[in-house]
Amino acid sequence: MSVLTTAPAGIGSLSDLAYQQCINPACRATFSVDQTQFACPRCGDLLDVVYDWDRLPVPRRLSEFEAKWSDRLDPLNFSGVWRFRELLPFAPREMIVTIGEGQTLLQTADKVGQYVGMAPGRLRLQYEGMNPSGSFKDNGMTAAFTHARMVKARRVACASTGNTSAALAVYCSATDLGFRAIIFIGSGRIAYGKLAQALDHGALTIQIVGDFDDAMHRVRQVADLLGIYLMNSINPFRLEGQKAVMYRVLEGLGWEPPDWIVVPGGNLGNSSAFGKAFIELKHLGLIDRIPRLAVINANGARTLEQLVGHHGLTWLNGLPDMGVARSYYDRLDLENLKASTIASAIEINRPVNLKKCLRALDFCDGVVRQVSDQEIMDAKARVGSGGLGCEPASAASVAGARKLREEGVIAPGDSVVCILTGHQLKDPTATVAYHGTDQENFEKVLGSRGVHRAGFANRPVMVANDLDDIIRTIALYSEAPPAAGSAS
Ligand code: F0G
């Protein structure tokens, strides 16, 4: 995979161990890691962080990382990102910004596995909700803040469906390095848990009338004009950190790659980062088998699924026919089609990392599927009752795995890891609407999204403030099976 691993000729004054490189094979411009830009200044394409691996000290086996487990007092070994620092070696040690991210779990979840259609022990949930800000974003933020520190940035900004902004706000408040957070969100488009975080952690929170795609467009303009450091996943350093989610999955499996990684797709940063992680691990001889990647869109925000599944868009050695994407976007504009899903985290129609995701799908023999909001909410309830819980977007991975099982693409005995990207408490509105008894609220929050049943609801029980009534209720309900399905 020369795209990620070969140092270009004549790299000259660039730091020659790590540098930035345009992903477009017709351009391949290179830049020092000390430069700040979020698109190739020559051709406008995406940038990668690239390493000259031949001259870097990389472990010969992944198990060598286990040596770090015995030295957790070193914050870099404690971090679930930086204990793999040899695999993202762009920063001097003293520049690294860490708040203890990545203390996550790979949980075997047989009850959820049964729902998906897997044999016992074969479905695992990678629970990224345990990060300090409650989502996988902290993996990327630690790396992007490290780079921001290297280039002496102060004002840092992002557009967000909520989790990126929460993570950004947390990293500004939990570090004492003078960073100031500016976040752009689509008004009314962000779950309360996430908005609460942005506000509580003191971020300048700009709610613009519009959706994520509008906010993304604006933040890029503003960052350019005002020289503000951009923290969205278009920033290649963010994705370097997000590779660590895969390193921890491998660590949790005793360094044995699973058959499948299933991940929700929004702006496509995660899937892109996972692909890059596997490309590099394979190149370095640290894995011999590459997991297949399944990226799951919500059907109200299904750009990737449409472009790959129906318009034949593929990586084509770095020269995908982006005209296909442009006509798709033109049609969205013409028909005024906006992204719309209960999984607000992935309510995105113009994923900035589309091209890198195509590369990941190509390398990992990937597939893309869409799932309905009904499937997402049902899967979320199953994850809640049989796992650690998650927000709606995360449950898209489980709903997607179930779909792929039904299609026979995933076999019952495959080793499958679904990434639970965000914490259950991020979006209490969706959860309470699903489980609650308030029909009007159900219609408002879920019915309007095409969710018509709450087949796995665990209803709260109203009881008079009377001891006998309470005792009778406990007798009655504690004998019933939990989460008995009742139609809404
Ligand atoms: N799951 C959750 C919980 C998310 O917050 C996001 C993205 C995704 C999945 C999709 O990941 O963009 O890497 O494909 N949230 C972004 C945000 C867009 O602004 O918080 P992706």
Side-chain angles (χ1 to χ4, degrees), residues 126-131 133-141 144 157-170 183-186 189-191 193-195 197-198 203 205 211-216 219 230-235 238-239 241-243 245-246 261-276 293-298 301-305 339 341-354 356-357 360-361 366 368 371 376 379-380 383 389-400 418-427 430:
Q126 172 65 17
Y127 188 59
E128 289 295 316
M130 290 175 76
N131 274 292
S133 82
S135 87
F136 74 92
K137 301 287 179 183
D138 298 359
N139 293 285
M141 262 331 141
C158 70
S160 184
T161 55
N163 280 324
T164 301
S165 49
L168 178 67
V170 167
I183 67 178
F184 287 60
I185 54 179
R189 302 295 192 125
I190 160 174
K194 306 172 190 182
L195 181 59
Q197 288 178 290
T205 305
D211 63 8
F212 172 83
D213 295 314
D214 300 318
M216 188 69 227
V219 78
L230 193 58
M231 286 284 180
N232 278 99
S233 57
I234 199 162
N235 176 336
R238 267 268 312 270
L239 299 192
Q242 284 173 217
K243 294 189 303 189
V245 178
M246 289 301 101
I261 299 288
V262 191
V263 63
N267 227 2
L268 305 179
N270 249 352
S271 44
S272 299
F274 297 174
K276 187 171 189 281
L293 186 64
V295 184
I296 312 300
N297 275 166
R302 58 182 171 202
T303 296
L304 183 72
E305 192 272 342
T341 166
I342 189 66
S344 57
I346 52 175
E347 196 177 56
I348 296 173
N349 263 348
R350 293 169 192 264
V352 298
N353 288 300
L354 175 61
K356 287 184 177 176
C357 178
L361 291 169
V368 183
V371 290
I376 287 174
K380 184 178 120 50
V383 170
C390 66
E391 66 167 283
S394 313
S397 63
V398 172
C418 290
I419 312 298
L420 297 186
T421 45
H423 199 284
Q424 185 180 39
L425 299 179
K426 291 279 191 175
D427 190 352

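Residue numbers start at 1 and run along the sequence shown. As the structure lists them, so they are numbered: ligands from 1, and atoms in each ligand from 1.
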Under 3.5 Å, is there a donor-acceptor pair between the side chain of S344 and the main chain of I190?
no

Using distance alone, with no hydrogens and no angle criterion, decide if Q197 and K426 have a side-chain donor and acceptor under 3.5 Å apart.
yes

Which atoms form the tightest heavy-atom contact between V219 and C158, and what is the distance?
CG2-C, 3.8 Å

Tell me, please, which residues at least two apart from K194 pass salt bridge (charged side-chain N to carboxylate O under 4.0 Å, His left out).
E391

What pair of heavy atoms forms the shortest contact from Q242 to F274, and how long is it?
O-CE2, 3.6 Å

Sub-4.0 Å heavy-atom environment of ligand 1, residues by chain:
F136, K137, S160, T161, G162, N163, T164, P264, G265, G266, N267, L268, G269, N270, A345, I346, I348, E391, A393, T421, G422

Under 3.5 Å: donor-acceptor pair, side chain of D427, backbone of A430
yes

